[in-house]
Amino acid sequence: MLRFVQMRYSYFGTSAWRSKASRDKAILFDPDRLAERFRMFQQIALASLRDQEDKDFVLGILTSEDLPKEHLKLLREAAGDVLGDRARVYPRPPAKAGEVFREIQQELVAGHGHDHVAQIVLDDDDALSADFMTELRREAELAIPRVPPHRPYCFLSFSRGVSLVSEKGGGYGYYTRDVPYTNLGLTLLARPDSPRNVYLVSHSKLAIHHPSRVVNDMRFYYLRSIHGSNDSRGIFKPEKPLKSFQMRLLRERFPLLADLDPLRQEAALAAE
């Protein structure tokens, strides 16, 4: 089974919903914006892939063909330094991301004999837990034999995670998040020749139209980054901050936090 992480990075694409930045290249490629996106990409998304226990996966980064050349070089070098040839950057003209990733997938599976592909969504400012790939493999092994014959595919939703909220003056707030069929870590299991793509579905209506399984063992499987430049609405529940024991568990599941938010992590250690 090929596990294929699909990430959009400052991609000037087309879709039914588009943020203000995705409709204006001047905003999308603003140097300050790109610098901040790259920082979050390195410290959060890429760091979480670096820390995976099971490293048998590939990362495809879809970006705009008009991304400034120096930034494209920086992006390729960063991904390559961390993941080697398991990471590839694809500059492409405007299109639907799902259609582009579908073409990229066909290139990746050609001649390799994969029985299934697990398409995994990861935004460039979000993170997956260090055991995500390990648990995904286990869940996929359970799900594949039960895929309905009339619809030979299945979505896996890891519902439980944490809202990682940037705070004024630096540092982060941590709040519990449990949303079935969230886009965070959403995975599509399908045969390699399937025309389906995880980006070509409305995840808010997924349970109504598609076979699926929700994974919730009360552990946190993702970090949803919320900050001033979110491309989508940054909603979280301020009444549900993580408790001290949850912070300890979070630190174990997301080693990247030791570098991303060292003062908070040191405080959590001291409180134990």
Side-chain angles (χ1 to χ4, degrees), residues 1-8 11 13-19 22-23 57-60 62 92 94-106 108-109 114-124 126 128-129 132-133 135-161 163 176-224 230-237:
M1 179 178 66
L2 173 67
R3 282 171 292 179
F4 179 22
V5 180
Q6 302 180 6
M7 179 185 296
R8 294 172 296 186
Y11 179 56
T14 62
S15 65
W17 177 90
R18 299 179 67 190
S19 67
S22 69
R23 290 181 274 112
F57 64 90
V58 298
L59 168 65
L62 174 61
R92 290 290 189 270
K96 289 185 177 181
E99 294 177 353
V100 180
F101 275 125
R102 186 166 55 194
E103 295 174 1
I104 293 170
Q105 177 176 304
Q106 293 310 306
L108 292 174
V109 301
H114 298 293
D115 56 352
H116 285 81
V117 177
Q119 305 173 25
I120 307 154
V121 173
L122 180 61
D123 285 350
D124 60 4
D126 295 333
L128 301 174
S129 63
F132 183 88
M133 295 297 170
E135 295 302 320
L136 173 59
R137 181 185 291 277
R138 293 171 180 166
E139 293 296 334
E141 289 173 352
L142 293 172
I144 288 173
R146 302 186 66 178
V147 167
H150 61 290
R151 292 202 175 188
Y153 64 95
C154 181
F155 285 89
L156 297 179
S157 168
F158 294 81
S159 66
R160 196 164 177 82
S163 294
T176 57
R177 188 176 192 272
D178 196 338
V179 183
Y181 306 106
T182 183
N183 214 35
L184 282 296
L186 184 64
T187 300
L188 169 61
L189 292 173
R191 300 285 298 180
D193 58 353
S194 172
R196 297 188 178 276
N197 181 269
V198 70
Y199 278 104
L200 296 177
V201 63
S202 170
H203 60 89
S204 63
K205 299 180 181 179
L206 193 151
I208 300 173
H209 302 295
H210 304 283
S212 61
R213 297 167 69 94
V214 175
V215 179
N216 184 359
D217 57 11
M218 301 304 288
R219 293 185 290 176
F220 300 125
Y221 281 98
Y222 61 81
L223 297 178
R224 166 70 165 106
N230 280 107
D231 288 338
S232 57
R233 293 183 300 163
I235 298 175
F236 68 98
K237 295 182 178 180

**Asked** Using a distance-only test with no angle check, is there a side-chain donor-acceptor pair under 3.5 angstrom linking Tyr222 and Arg224?
**Response**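 No pair is found: no donor N or O on one side chain lies under 3.5 Å from an acceptor on the other.
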**Request:** Taking atom types as modelled, find out whether Asn197 and Gln6 have a side-chain donor-acceptor pair closer than 3.5 angstrom.
**Result:**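 Yes - a donor-acceptor pair under 3.5 Å links their side chains.
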**Item:** side chain to side chain contact (heavy atoms under 4.5 Å, CB included) assessment of Leu122 paired with Phe132
**Value:** CA-CA 12 Å; Leu122 180 61; Phe132 183 88; over 6 Å; no
Note, [X] side chain near [Y] side chain (heavy atom, < 4.5 Å):
X      : Y      : answer
Val179 : Ser159 : no
Arg151 : Tyr153 : yes
Asn216 : Met218 : yes
His116 : Arg191 : yes
Phe220 : Thr176 : yes
Glu99  : Leu200 : yes
Phe101 : Leu62  : yes
Leu156 : Leu186 : no

**Prompt:** For Leu59 and Val5, what are the C-alpha separation, side-chain angles and deciding distance, and is it a side chain to side chain contact (heavy atoms under 4.5 Å, CB included)?
**Reply:** CA-CA 5 Å; Leu59 168 65; Val5 180; 3.7 Å; yes
**Prompt:** side-chain hydrogen bond (donor to acceptor under 3.5 Å, both in side chains) with Tyr181: which of Ser157, Ser202, Ser212?
**Reply:**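 By the side-chain hydrogen bond (donor to acceptor under 3.5 Å, both in side chains) criterion, Tyr181 pairs with just one of Ser157, Ser202, Ser212: Ser212.
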Determine the minimum heavy-atom distance between [X] and [Y], stating which atoms define it.
X      : Y      : answer
Pro192 : Val117 : CA-CG2, 4.0 Å
Phe155 : Val198 : CE2-CG2, 4.3 Å
Gln119 : Gln105 : NE2-OE1, 3.0 Å
Met133 : Arg3   : O-NH1, 2.7 Å
Glu135 : Tyr221 : CG-OH, 3.6 Å
Pro195 : Arg102 : O-NH1, 2.8 Å

**Item:** Phe4/Phe57 aromatic ring centres below 6.0 Å
**Value:**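 Ring centroids of Phe4 and Phe57 are no less than 6.0 Å from each other.
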**Request:** List the steps and the verdict of side-chain hydrogen bond (donor to acceptor under 3.5 Å, both in side chains) for Thr182 and Arg177.
**Result:** CA-CA 10 Å; Thr182 183; Arg177 188 176 192 272; 2.9 Å; yes
Nearest 0.5 Å please: distance from the [atom1] atom of [X] over to the [atom2] atom of [Y].
X      : Y      : atom1 : atom2 : answer
Thr187 : Ile120 : OG1   : CD1   : 5.0 Å
Arg196 : His210 : CZ    : NE2   : 6.0 Å
His203 : Leu188 : NE2   : CG    : 14.0 Å
Asn183 : Asp123 : CG    : CG    : 6.5 Å
Met7   : Asp126 : CE    : CG    : 8.5 Å

**Request:** Begin with the C-alpha distance, continue with both residues' side-chain angles, and end with the deciding distance and a verdict on side chain to side chain contact (heavy atoms under 4.5 Å, CB included) for Glu139 and Leu189.
**Result:** CA-CA 10 Å; Glu139 293 296 334; Leu189 292 173; over 6 Å; no
**Request:** Take Tyr199 and Arg8, measure what side chain to side chain contact (heavy atoms under 4.5 Å, CB included) needs, and give me the verdict at the end.
**Result:** CA-CA 10 Å; Tyr199 278 104; Arg8 294 172 296 186; 3.4 Å; yes
**Request:** Mark yes or no for whether Tyr11, through its side chain, and Arg92, through its backbone, hold a donor-acceptor pair below 3.5 Å.
**Result:**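 Checking the backbone N and O of Arg92 against the side chain of Tyr11, no donor-acceptor pair under 3.5 Å is found.
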